[in-house]
Amino acid sequence: MSELITAELVDLDLSAETKYDAARSLAERMVTGGRVTDLDGFLADVAAREAQMPTGLDGGIGIPHCRSEHVTAPTLAFGRSEGGIDFGAADGPADLIFLIAAPAGADDDHLTILSALARRLMDPDFTGALRAERDPDAAAALIRGEEAVPAGPAPDASPADGATADGTASDRGATADEKPFRVVAVTSCPTGIAHTYMAAESLAAAARAEGVVLDVETQGSAGFERLDPALIAAADAVIWAHDVEVREKARFDGKAIVDTGVKAGINRPAALIAEARRKAEHGETSTVAGGVAQQDGGAAADGNHAHFGIRLRTYLMSGVSYMVPFVAAGGLLIALSFAIGGYEIASAKSVADHFVWGEADSWAALLNQIGTAAFAFLVPVLAGYIAYGMADRPALVPGFVGGAIALTINAGFLGGLAAGLLAGGVVMAIQRVKVHPTLRGIMPVLVIPLLASVVVGFLMFIVVGKPIASLQRALTDGLNGLSGSNAIILGIVLGLMMCFDMGGPLNKVAYAFAVGGLADPTPGSLKVMAAVMAAGMVPPLAMALATTVRGTLFSKTERENGRAAWVLGASFISEGAIPFAAADPLRVIPSVMAGGAVTGALSMAFGCTLRAPHGGIFVVPLIGEPFLYLLAIAAGTAVATALVVLLKGMRRAAEAPAPATEEPEISVAA
């Protein structure tokens, strides 16, 4: 691990007060060492990862981490805080902070080393030695594994009573008449660097203590080695400790499954093993459908994925996330073609039949037709990956087929949503049907796609397609007819949604609504796209301006983040305001929502239009009414800035100590 951490990356007297200050302090050491090229860009990636889920762990550990294009080599920095820093752990602040930085394309060897460190964090002797160490060189060597960890008290359980060192328990603790309880587990987290492997180690340690035979599959960034099918077949129960979809989950069909988040695997492994034992003893086998394990009675298994609303949002966001690159590439190409050749270029002849190398119009037509081809995939991709999010790969074919039919019958974006949900639901229903073992091999590649495509096609062509197409036409006509107060109200609503969670679910819903209209652009849908992008630029721009005009109201770290927020806001990256919102949500979020509402309303009132789904100020030449558009953004930014400065100033005044009053002098007679 010599390339990952050195003494220069160790701070045994970390003086930061917040997790963002701690990340910045440690990241600055990485910049000094040439490991990080852009401090603010890297910290924005760290903040975005932190916004997904707190990285604090029980036992006084904080592990902020991310993959970032601004990292040149896998790097680890370590800081020790005397007062502790809140990283969101249930048991309180963290005094041991590990900042893990992985390049966007980190190699498997380094990620394997990082995973080994994550496992060692579960060893109290290791963390105890780090708390006692006084020399940075020795601390770095300890983390690299070059110094032996002082041994703690010997465990009470004998080796025969638990798992082997690699996390796989042996059968030596079972008597001839007693069959050991067997569990297989899968752990995964969004980044796939730390929590994945810490959960695996924590579950393995609990299994050793309980005398349970445990095998773990870690689905991390370095890839994963599939559990032997024989181990799955022999297992009495399954534990999924995950925050991203379990890959190839159909392997666990028919088992008792405990479905929970990865932090539960770290913090309460014994309880998960006990729950797995209880379900196995009661015969509560599960049918795997999509991302959720369903119990025999049809109820969702315990865990993060049990609530239908959360699952539905996950399914829709899966489709949107795969759709957005098609929208971005196609939309920008079409917008660029209009900038070069004018709007009439859309009716140009096919460049396959007529293309002149020296004519600008030919190049404009080429860009337009490539962008149009990319746009043709928009609805099928949306439908296909909604279905994929629900029921995995067998649902891709009926999802794409349903999306293509939605285009054929002019059901548009709404038809794609319906087709994806129908395809996923149909495949999930087919997956619940018990079939003979000899047929299981052909079910996902032949039977399920065939049957589901027929059912989805029938429903889209005959049953639900026409009503959805009528609704789509009504929505399109409504957008085209928007004017006056109706348009302004829609702009206000979209502005509020874009600024409430800055890249979160509400933001994504508003953005998906806007880009969906670009599939079949109309004057109304182009106004919606303009309002959405303008409002999304307000939060980071407002925070950047606020830190400039009243820097004394912000910490040093926030002022530095404010400089990066100028670029992020101008580029339509709303997440640039997340560090400010996380530090002071009650003042920042309402302020930027008010600014976003003003911008959305003005953009709609001015009649601004936009054909590009992204780009910020860099696509201003492609915007209808560009000067009024910039005015709308400036007005919303000014409103948000004024509000946040006012609210923070009021708090500063309220927290200021009252002036001391002189006590009257009292003389005492002797």
Side-chain angles (χ1 to χ4, degrees), residues 15-51 64 66 68-72 75 77 99 101 104 498-499 502-503 533-585 587-589 591-592 595-596 599 614-620 630 633-649 652:
S15 60
E17 296 181 357
T18 70
K19 58 184 179 181
Y20 298 107
D21 292 338
R24 175 170 289 275
S25 177
L26 295 175
E28 286 172 347
R29 291 174 176 260
M30 295 181 177
V31 172
T32 302
R35 308 294 189 94
V36 170
T37 58
D38 183 341
L39 177 62
D40 292 324
F42 171 65
L43 289 174
D45 292 334
V46 173
R49 170 62 186 87
E50 195 74 25
C66 74
S68 174
E69 62 182 7
H70 306 297
V71 177
T72 61
T75 303
L99 178 61
M498 287 298 295
C499 299
M502 289 161 281
M533 190 170 81
M537 296 167 64
V538 166
L541 289 177
M543 293 302 100
L545 182 58
T547 57
T548 300
V549 299
R550 285 294 300 276
T552 56
L553 295 175
F554 298 87
S555 68
K556 178 182 177 183
T557 299
E558 288 176 324
R559 291 194 296 272
E560 293 174 351
N561 285 339
R563 289 194 288 271
W566 284 114
V567 178
L568 296 174
S571 304
F572 182 37
I573 301 176
S574 304
E575 289 84 348
I578 286 178
F580 299 92
D584 193 3
R587 293 165 183 83
V588 171
I589 293 177
S591 299
V592 298
T599 294
H614 217 291
I617 63 170
F618 303 103
V619 295
V620 166
L630 293 175
I633 295 173
T637 300
V639 169
T641 300
L643 285 174
V644 78
V645 167
L646 175 64
L647 294 175
K648 282 183 170 287
R652 177 70 60 86

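At a threshold of 4.5 Å between non-hydrogen side-chain atoms, the residues L43 and L39 count as touching. Contact of the D38 side chain with the E69 side chain is not registered, since no non-hydrogen atoms from C-beta on lie closer than 4.5 Å. In this structure, F580 and P539 have side chains that are not in contact, with every pair of non-hydrogen atoms separated by 4.5 Å or more. Taking 4.5 Å as the limit, some side-chain heavy atom of E560 sits within range of a side-chain heavy atom of E28. Residues V46 and Y20 form no side-chain contact, since every pair of their non-hydrogen atoms from C-beta on lies 4.5 Å or further apart. You'll find the side chain of T18 reaches within 4.5 Å of the side chain of D21, heavy atoms only. A 4.5 Å side-chain heavy-atom check between T641 and R550 finds every atom pair outside the cut-off. Side-chain contact between T75 and V36: absent, with no pair of heavy atoms (C-beta onward) separated by less than 4.5 Å.
In terms of modelled atom types and a separation under 3.5 Å, the side chain of T547 and the main chain of A544 share a donor-acceptor contact. Between the side chain of S68 and the backbone N or O of D45 there is no donor-acceptor pair closer than 3.5 Å. Between the side chain of R559 and the main chain of F554, a donor-acceptor pair closer than 3.5 Å is present. For the pair T37 (side chain) and H70 (backbone), a donor-acceptor distance under 3.5 Å is present.
The two residues V538 and G596 make their nearest non-hydrogen contact at CG1-N, 4.0 Å. Nearest approach of L647 to S591, heavy atoms of both residues: CD1-OG, 3.6 Å. A101 and M30 get closest at one heavy-atom pair: CB-SD, 3.9 Å. Scanning all heavy atoms of the two residues, the minimum distance from G636 to T599 falls at CA-OG1, 3.1 Å. Nearest heavy atoms, A546 versus V645: CB-CG2, 4.1 Å. The heavy-atom pair separating A534 from I633 by the smallest distance is CB-CG1, 3.8 Å.
Taking CE of M498 as the reference point, atom CZ of F572 lies at 4.0 Å (rounded to 0.5 Å). The OG atom of S574 sits 9.5 Å away from the CE atom of M537 when rounded to the nearest 0.5 Å. The distance from atom CD1 of I617 to atom OG of S571, rounded to the nearest 0.5 Å, is 7.0 Å. Considering SG of C66 and CG of L99, their distance stands at 7.5 Å, rounded to 0.5 Å.
One finds a salt bridge joining D584 and K648 here, because a Lys/Arg side-chain nitrogen approaches an Asp/Glu carboxylate oxygen to under 4.0 Å.
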Query - Worked verdict on F42 versus V31 for side-chain contact (heavy atoms from CB on, under 4.5 Å) - result: CA-CA 10 Å; F42 171 65; V31 172; over 6 Å; no

